[in-house]
Amino acid sequence: MRTDIITVSSTGSQMEKAFAQAEKMATYKELSRKSALHLRLLTEEMMGMMRSLTGETEGKFWIEDEDDVYRLHLKVVTRMDSVKRDQLLAASTSGRNESAKGLMGRLRDFFDRSADADVAPFVNPMLMAGQYEQASAPSMDWEWSMVDFEGVISERMQHDDEEAKQVWDELEKSVVAKVADDVKVSIKGSTVEMTIIKKMA
């Protein structure tokens, strides 16, 4: 089953419709109260990240399931050039978009890059953990996985890596990291897609 595809905006437009899709899916699939709550929480986290993007950005949101594995999708086409993005960030007091913290804040950087910029890990090296290239040009075809990321961070912690310890702390506090089985972010040209994966018992 796949829900309707909803257009959501970083201004908050249509986000209630995204929540309604999560509720419809839970009702139709007769999910337990706990599973329905998990679906709602993951949708809220995804919409929270969407709301934190720089400027007015639109994305497509939908949920699909197969064999009790639920995938929440958010797809955004980056249209902003680096000049416009820099102007918007300069308007904030710190010069950075700080409305999202932790894991989802880091992942927001994938969506918040300008269309003419490389992917976030080249600015934020810690995000290189958990990535693998899809093509010879990683800035254009690229995928990141939370499961792989956790594995690399765990290994770095064994070597007393202070930054890895901070990131692990963020993961332990993250609703998404606790509830989801995996989070994948893929970049293909100017299109960025996040998929949150959750297997319901």
Side-chain angles (χ1 to χ4, degrees), residues 1-80 85 88 97-113 115 120 143-147 149-150 170-201:
M1 177 187 173
R2 187 175 78 175
T3 65
D4 295 336
I5 298 175
I6 304 298
T7 299
V8 293
S9 168
S10 57
T11 62
S13 173
Q14 304 284 359
M15 287 189 181
E16 285 303 320
K17 288 190 176 180
F19 300 140
Q21 292 302 307
E23 288 167 15
K24 282 181 185 176
M25 174 68 89
T27 301
Y28 183 79
K29 299 300 289 188
E30 299 181 345
L31 294 179
S32 67
R33 186 175 175 186
K34 181 179 178 181
S35 294
L37 178 61
H38 284 168
L39 203 59
R40 170 77 185 206
L41 282 172
L42 293 173
T43 303
E44 286 178 357
E45 288 292 307
M46 197 173 249
M47 292 303 104
M49 191 211 67
M50 181 71 192
R51 201 186 293 263
S52 75
L53 296 180
T54 302
E56 188 170 343
T57 306
E58 286 192 344
K60 303 290 186 185
F61 169 82
W62 71 96
I63 305 171
E64 53 192 22
D65 82 290
E66 186 176 353
D67 298 329
D68 295 325
V69 176
Y70 291 75
R71 290 177 168 82
L72 294 80
H73 296 267
L74 177 65
K75 184 180 283 191
V76 173
V77 176
T78 306
R79 297 186 181 90
M80 192 182 307
R85 181 177 184 275
L88 284 165
N97 183 351
E98 295 184 338
S99 53
K101 303 288 185 185
L103 175 66
M104 295 303 275
R106 289 178 185 269
L107 296 186
R108 181 205 59 224
D109 289 343
F110 288 118
F111 291 82
D112 225 3
R113 70 190 180 100
E143 187 168 299
W144 179 94
S145 163
M146 183 182 74
V147 169
F149 181 67
E150 287 175 333
E170 290 175 3
L171 285 168
E172 291 201 318
K173 292 175 181 175
S174 167
V175 171
V176 171
K178 283 181 179 175
V179 175
D181 292 310
D182 200 2
V183 178
K184 292 182 183 290
V185 179
S186 63
I187 295 175
K188 293 186 184 299
S190 60
T191 301
V192 187
E193 182 172 353
M194 173 184 286
T195 306
I196 298 179
I197 301 163
K198 172 67 177 175
K199 181 167 178 60
M200 301 298 186

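Sequential numbering from 1 along the given sequence is applied to the chain's residues. Quick note: numbers below take in every heavy atom, side chains included, and nothing from hydrogens, waters or symmetry partners.
Residues V8 and L74 meet the side-chain proximity criterion, which asks for heavy atoms closer than 4.5 Å. Between M104 and M194 there is a side-chain heavy-atom pair separated by less than 4.5 Å. When side chains are defined from C-beta on, Y70 counts as touching M25, because their heavy atoms get closer than 4.5 Å. Side-chain contact check for F149 versus V183: every heavy-atom pair is 4.5 Å or farther apart. Contact annotation: the side chain of K17 never approaches that of F61 to less than 4.5 Å [non-hydrogen atoms, C-beta and beyond].
I6 contributes atom CD1, which lies 9.5 Å from atom CD1 of I63 (distance to the nearest 0.5 angstrom). Atom OG1 of T43 is separated from atom CD of E45 by 10.0 Å, given to the nearest 0.5 angstrom. Separation of atoms CZ (F111) and CD (E193) is listed at 8.0 Å; rounding is to 0.5 Å. Considering CG of D65 and CZ of R2, their distance stands at 12.0 Å, rounded to 0.5 Å. A distance of 12.5 Å separates CD in E30 from OG in S35, rounded to the nearest 0.5 Å. Annotation: the span from M47 atom CE to S10 atom OG amounts to 11.5 Å, rounded to 0.5 Å.
Of all the heavy atoms in V147 and D182, the pair that sits closest is N-OD1, 3.0 Å. In plain terms, the two heavy atoms of S52 and R108 that are nearest each other are OG-CD, 3.1 Å. Closest approach of E56 and S9 over heavy atoms only: CG-OG, 4.0 Å. The two atoms that bring L103 and S174 nearest to each other are CD2-OG, 3.7 Å, heavy atoms only. In terms of heavy-atom proximity, W62 sits nearest to D4 at CB-O, 3.7 Å. The two residues L39 and A22 have their closest heavy-atom pair at CD2-O, 3.5 Å.
Residues that satisfy the salt bridge (Lys or Arg N to Asp or Glu O under 4.0 Å) test with R40, not counting sequence neighbours, are E23, E44. Looking at residues two or more places apart in sequence or on another chain, you find no salt bridge (Lys or Arg N to Asp or Glu O under 4.0 Å) involving K60.
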Under the side chain to side chain contact (heavy atoms under 4.5 Å, CB included) criterion, do Y28 and T3 qualify, and how do the steps go? CA-CA 10 Å; Y28 183 79; T3 65; over 6 Å; no
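A distance-only check finds no donor-acceptor pair linking the side chain of T195 to the backbone of R71 [under 3.5 Å]. Looking at D68, its side chain never comes within 3.5 Å of a backbone N or O of K199 through a donor-acceptor pair.
Remark: of the listed residues K198, M200, M146, K198 is the sole one forming a side chain to side chain contact (heavy atoms under 4.5 Å, CB included) with D181.
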